[in-house]
Amino acid sequence: MQLLRSLCQIAAPSGNEAPLTDFVLRYVQQHQATWQVQPTIVAGEELQDCIILVFGTPRTAVFAHLDSIGFTVRYGRQLVRIGGPDVATGYPLVGHDTQGPIECTLEVDKNTGALRYRYHREIERGTELTFRCDFRETATTVQSCTLDNRLGVWNALRLCETLQDGIVAFSCWEEHGGGSVAYLAKHIYETYDVRQALISDITWVTEGVHAGQGCVISLRDSLIPRRSYVERIRHIARQAGIPHQLEVESGGGSDAKELQHGAQPWDWCFVGAPEDNVHTPHEIVDKRDIASMLALYQALMREL
Amino acid sequence: MQLLRSLCQIAAPSGNEAPLTDFVLRYVQQHQATWQVQPTIVAGEELQDCIILVFGTPRTAVFAHLDSIGFTVRYGRQLVRIGGPDVATGYPLVGHDTQGPIECTLEVDKNTGALRYRYHREIERGTELTFRCDFRETATTVQSCTLDNRLGVWNALRLCETLQDGIVAFSCWEEHGGGSVAYLAKHIYETYDVRQALISDITWVTEGVHAGQGCVISLRDSLIPRRSYVERIRHIARQAGIPHQLEVESGGGSDAKELQHGAQPWDWCFVGAPEDNVHTPHEIVDKRDIASMLALYQALMREL
Amino acid sequence: MQLLRSLCQIAAPSGNEAPLTDFVLRYVQQHQATWQVQPTIVAGEELQDCIILVFGTPRTAVFAHLDSIGFTVRYGRQLVRIGGPDVATGYPLVGHDTQGPIECTLEVDKNTGALRYRYHREIERGTELTFRCDFRETATTVQSCTLDNRLGVWNALRLCETLQDGIVAFSCWEEHGGGSVAYLAKHIYETYDVRQALISDITWVTEGVHAGQGCVISLRDSLIPRRSYVERIRHIARQAGIPHQLEVESGGGSDAKELQHGAQPWDWCFVGAPEDNVHTPHEIVDKRDIASMLALYQALMREL
């Protein structure tokens, strides 16, 4: 879990993913020699801060978003949300402005819900703050801020070790309205004729989805994927004997929104471990669900 | 109305349109020999469950969505909506899971509004349920669930009988966030240089739109079409002497949303009969409005 | 300010921008001989009512929306909004239908908030009404309806006088859901390989943004631009010594929404003067902010 720990400690809120992009690019360059297949790496200004890794002759693309939730400093001590972070007075926040690194805390006004930071000085307008990472590992769980979606990124990087044919795409802005998957999807479809997608992201523990019972295959969230594609995925999971759970939600979304609404006929399915304490500094995931997530991706990328 | 009755009896909620796609493809293959022009049929995995029919040298495309509203079985006996169905305790629902066909009823919790089904056994997670079809025809009306949009599909198929030049496109996911018109629109524009659209769909009886007074030309709903195009359509309707009504709404939407927001300069207009009891099992349309809808489409496809 | 006055007096609500398109095209044809570089003019049905001006070898594109807010006549004396106009009983409205020109007033129902017009006759269904223009200029301010975004259009046209390399694009539907920037952005990116954008539009005076303190560089609104691009813009503004202010908002949007969500990797930033009395007949802007807006655009188009 050293890789996951490193990923969780990098601040990369939506719009400022570049530090994590740099980390992932360095990681790929340092480790790809040990992978079964060496990918073509597509990155640079034409993809902003996204990365595409192409292995062999791809049939399916995995999307994992790099960005996290956070806060932007507004006027005075006001904060506005990046994405949908949970808020509670006392949550520790970190960032930096031209005066140096910052460690402060979140304050939620009891009456208005307005968000402020508590700090010994005023922080510069527009500064981004993210939850301070307190990475905790036990025999059975990992816990940290931003497991959503550093665990999805971790899963994608571990998948690379054995991937023969497939695409791994790292996207931006997922937590805050999207904005990169539309062009990633267009590029991948037009260049590689690939239109099958798996969304490597983290979902919720709910009354119907329980920690430790396996990776989630989502039948729907706010959007509904094409039924025939989801049935193929369920079939592969059953055949492979990998523990998994089925999710049915009316809300929530993912990078799949841009696949669904883009101008290519993508089939997509959200496949990921469930977490509790969503979008807090204390997101927690069961290690069995992490293991089944990686195993399921390995099977799906072989069989789809 | 036998064709309409058949269309209404096929379950095809958003995301699982394949049964209706198969029906329409079979219908086209069986009947096209009697049509004035035989279309090129574009279908298959590259269009997911959509169909494009190309007649002669097209200038205008008709979009009719195949999918309907419905419900997805969640956890326990919970249901979540597909699209925006009306809900009332007692509405009859149908579906099937691996244990066989299902006929159950909807229950709406009086206090919370939560949706459940009442049935003798638990239905499998993720199963889709739709309104049970009770098709009723009188001398002046047709009544059924899902006239929205099986009547729009019926109109498109009847239009095919005499169509010389034009495109008829059958789309998916309209009731639940869209997701196919973006690529249909791109394909049609890039392949045939067509960027004029008519939306063959069903709208609402309101204080300003009355049953029996003719097909509706919508001047706007939640979106506003380009004025100059709508004026051309109004002019053709007046010249042709076809009964019609003008609609002005602030809400509602259609496949036109994806045309408006896509990366091609589509002109579009919603043209369709009004119905009462919208999104219930008892949608009702006046036959005169069906007749004027088909007549108006015939005129518009000639003149635009 | 004669040009600005003329721009403000043309009615062009979302969906019916054609009168302003015609004005801008005529203005360009009449004045381009005096400009430092003569642009290629791209317009016509393939761009609906939009215009693209291409100067030299472009690296950056300026987007200025032509359309304004307004109202559509519904049934009886009801009105529905085009975009998000402020409403108050007595606001003067203008328009025309087949019976002739119209000058009427807005009425807001105190209890329901419902909108109606007060006029001596019924106005035809679907007629568009806009605020009557009362253009007021002092030594330090301009005031009128629709400074949002006629001032952005004015800025773009004045920028043309000295522009060496760049694109100026005039868009439609910005106030009401968008619908043209997706195809403008695709055309510009694919034809000129340009993916840097500036949004020439008007923002709000708030507790953190003050009239007279310079053009606003927006660090975010409802969407978050890519940080590295915004930092380049801030650097150029500081180096050029042009007065400017930084904005951080959680709401609001612009043509940038379509750039962010489109299938090209656009970098974008909203750069524009702030106004008070937003979306009323009495929008007011400080002349110093107009001056710094134009100066900043001149510097940015040189340096980016």
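By convention in this document, chain letters (A, B, ...) are assigned in the order of the sequence lines, proteins followed by strands, and residues within each chain are numbered from 1.
- C/His96 NE2: 12 or fewer foreign heavy atoms inside a 6.0 Å radius.
- Comment: C/Arg125 does not engage B/Glu247 in a salt bridge, judged by the lack of any side-chain N to carboxylate O separation of less than 4.0 angstrom.
- When each of C/Pro13, C/Gly177, C/Ala18 is scored by its heavy-atom pairs under 4.5 Å with chain B, the top score falls to C/Gly177.
- C/Ile82 touches chain B through backbone and side chain together, each having a heavy atom under 4.5 Å away.
- The candidate from B/Glu249, B/Arg220, B/Glu207 with the greatest count of non-hydrogen atom pairs under 4.5 Å with chain C is B/Arg220.
- Interface remark: B/Ser222 contributes backbone atoms only to the contact with chain C (heavy atom separation under 4.5 Å).
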Determine, step by step, whether B/His261 and C/His261 satisfy the side-chain contact (heavy atoms from CB on, under 4.5 Å) criterion, reporting the C-alpha distance in whole Å, the side-chain angles of both residues, the deciding distance to 0.1 Å, and the verdict. CA-CA 10 Å; B/His261 291 127; C/His261 291 127; over 6 Å; no
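- Looking at C/Glu17, neither its backbone nor its side chain comes within 4.5 Å of chain B, counting heavy atoms on both sides.
- Atom CD of C/Glu46 sits about 3.5 Å away from atom OH of B/Tyr189, to the nearest 0.5 Å.
- Looking at C/Val73, only its backbone comes within 4.5 Å of chain B, counting heavy atoms on both sides.
- What you find for C/Ala182 and B/Gly262 is that their closest heavy atoms are CB-O, 3.4 Å.
- When heavy atoms are compared at a cutoff of 4.5 Å, C/Tyr75 approaches chain B solely by way of its side chain, counted from C-beta outward.
- Comparing B/Arg226, B/Lys257, B/Gln260, B/Arg227 by heavy-atom pairs within less than 4.5 Å of chain C, the highest count is held by B/Arg226.
- Of all the listed residues (C/His187, C/Arg81, C/Glu258), the one sharing the greatest number of non-hydrogen pairs under 4.5 Å with chain B is C/Arg81.
- If you take SG on C/Cys172 and CD1 on B/Ile224, they are separated by 12.0 Å, rounding to the nearest 0.5 Å.
- C/Arg74 contributes a side-chain N or O that, together with a main-chain N or O of B/Val248, makes up a donor-acceptor pair within less than 3.5 Å.
- Taking CD from C/Gln48 and OH from B/Tyr229, the interatomic distance works out to 11.0 Å, rounded to the nearest 0.5 Å.
- Among C/Lys186, C/Gln78, C/His176, the residue with the largest count of heavy-atom pairs under 4.5 Å with chain B is C/His176.
- Residue B/His210 qualifies as enclosed at atom NE2: its count of foreign heavy atoms under 6.0 Å is above 12.
- Here B/Asp267 contributes atom CG and C/Glu45 contributes atom CD; the two are 6.5 Å apart, rounded to the nearest 0.5 Å.
- Note that the CG atom of C/Leu115 and the OG atom of B/Ser250 stand 9.5 Å from one another [nearest 0.5 Å].
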Please lay out, stage by stage, how B/Leu223 and C/Trp173 fare under the test side-chain contact (heavy atoms from CB on, under 4.5 Å). CA-CA 9 Å; B/Leu223 291 180; C/Trp173 281 295; over 6 Å; no
